[in-house]
There are 2 protein chains.
Amino acid sequence: MAAAVEILDAEGEAGLTFRALAARLSTGAGAIYHHVANKTELLSAATEHVITDVVTDTADDRPAEAIRRISLGVFDAIDAHPWVGTHLSREPWQTAMLRIWEGLGGRLPALGVPEHHRFDAASAIVSYVLGVAGQNAANARRDFGDVTDRSHVLGAVADRWAAMDDDEFPFVRYLSTRLRDHDDREQFLAGVDIFLAGIAAEDDR
Amino acid sequence: MAAAVEILDAEGEAGLTFRALAARLSTGAGAIYHHVANKTELLSAATEHVITDVVTDTADDRPAEAIRRISLGVFDAIDAHPWVGTHLSREPWQTAMLRIWEGLGGRLPALGVPEHHRFDAASAIVSYVLGVAGQNAANARRDFGDVTDRSHVLGAVADRWAAMDDDEFPFVRYLSTRLRDHDDREQFLAGVDIFLAGIAAEDDR
DNA sequence: ACCTGAACACCGTTCAAGT
DNA sequence: ACCTGAACACCGTTCAAGT
């Protein structure tokens, strides 16, 4: 599993082939099938390996703070291992996903969310985190020719947004100026706070 | 493009090979490269083909209602073409994504969201929609052996959630009973409303 | 019980040769 | 300018044969 994570971090999802992993482990490609059934299971095991730590119990915290911290843990894990973001979105039944549902949703009762809202609320925050996860993974995967560092990539995207037709894409053009120097991590947390504020507002109704 | 969408709907992402598309069009595989640069571009073009209609202008609407309707349009498009959900999350710079940013974010000024909150608010709602899109695409792709219809699939997942360890996954177990007969579309809309409520609440601060 | 590694049935992509 | 289709350099997965 450690070898698989190393290859994934270094070469990405496409780099993790059964042949490459077998070579790294000095064995035959067929041998790996004695431990995982197929490539999906191999990726799920690697994902589980990375996610388990970041959704650890923090039972003594205030619940909103726990939701912020677990969300940020998942965000940072995907920042460090972009392939995790892709795989989480692709295999919703893997154990890593259950840990995220539990970590985020498990705080809703303590937050005072009434029972009839809990499933919808948990689903919303999990979906939001997964959405950001997928985007970040895609952003990290993408390369713009020779520009690789973040600020240059953002600049390239911003240039593209700024060049869109003003009649069809006025808001996208408006955003292009703010895109250039925003902070992904802060924006992610701002979204978590919008969600938390929405939960609190709905409880009052 | 129509032929590509047909193959994708019938066989999924794995079924759309250059050889299969060439055969359907009675041509050679190499010919397709005169129209798209690679497989990613082929999928982006097919995605654009499906998404453009559902994010059409509805300028005369109340903004919150427009956001709900555009979100639902994306949801329904992915319900009909699951591969769209996967590809949206994987290629954030494609034109289809810009249309979604514009359709959802473009309503925020009319909603009264102050300028310094607009980018974060747009990002949050787009990420949420993409998160649900990815999950729904993955759910539709997955098959549980011989059970294929929705209620049986949900039942199988619910059984799995109910069988989890009670100490480690109390909330997941709690959810397993509601999972069985919830409505994905309603739950999606409930999430949109949570974000709209959160955006409204943040404006008051 | 686990490993080996050749073999099978594919891929995306390229490119000389055609029209 | 576009098409053809064989060729290249790979894949995931299987399986007879080994230890």
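In what follows, chains are A, B, ... by sequence order, proteins preceding strands, each numbered from 1.
A/Leu16 has its CG atom 11 Å from the P atom of D/dT13, to the nearest Å. Protein atom CD of A/Glu41 is 10 Å distant from nucleotide atom P of D/dT13, rounded to whole Å. Atom P of nucleotide C/dC15 and atom CZ of B/Phe18 are separated by 15 Å, given to the nearest angstrom. Look at NZ on B/Lys39: it is 4 Å from P on C/dG12, rounded to the nearest Å. Distance, B/Asn38 CG to C/dC15 P: 15 Å, rounded to whole Å.
Note on residues 161-172 of chain A: pairs passing salt bridge (charged side-chain N to carboxylate O under 4.0 Å, His left out), not counting sequence neighbours, are A/Asp166-A/Arg173, A/Glu168-B/Arg99.
Taking a cutoff of 4.0 Å between a charged side-chain nitrogen and a carboxylate oxygen, A/Arg178 and B/Glu115 qualify as a salt bridge.
Checking side-chain atoms of A/Glu41 against main-chain N and O of A/Val36 turns up no donor-acceptor pair under 3.5 Å.
In this structure, the side chain to side chain donor-acceptor pair (under 3.5 Å) partners of B/Glu6, at least two apart in sequence or on a different chain, are B/Arg24. Every residue meeting the side chain to side chain donor-acceptor pair (under 3.5 Å) condition with A/Arg185, not counting sequence neighbours, appears here in chain and number order: A/Asp76. Annotation: ring pair (Phe, Tyr, Trp, His ring centres under 6.0 Å) contacts of B/His182 (sequence neighbours excluded): A/Phe119.
As judged by a 4.0 angstrom heavy-atom cut-off over every strand, B/Leu21 is placed among residues making no nucleic acid contact.
Toward the 5′ end of DNA chain C lies the nearest nucleotide of A/Ser26, the other residue of the pair A/Ser26 and A/Arg19 mapping further downstream.
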Original post:
Using Watson-Crick and G-U wobble pairs whose two distances are both under 3.5 Å, how do you write the pairing of DNA chain D as dot-bracket, with | for links to another strand?
Top reply: ||.|||||...|||||.||
**OP:** Before giving the answer on ring pair (Phe, Tyr, Trp, His ring centres under 6.0 Å), spell out for B/Tyr128 and A/Phe195 the whole-Å C-alpha distance, their side-chain angles and the decisive distance to 0.1 Å.
**Re:** CA-CA 10 Å; B/Tyr128 169 69; A/Phe195 163 79; 9.0 Å; no
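A heavy atom lying under 4.0 Å from DNA chain D marks the following residues of residues 28-36 of chain A, by number: A/Gly30, A/Tyr33.
Between A/Leu111 and A/Arg62, the closest side-chain pair of non-hydrogen atoms is not below 4.5 Å.
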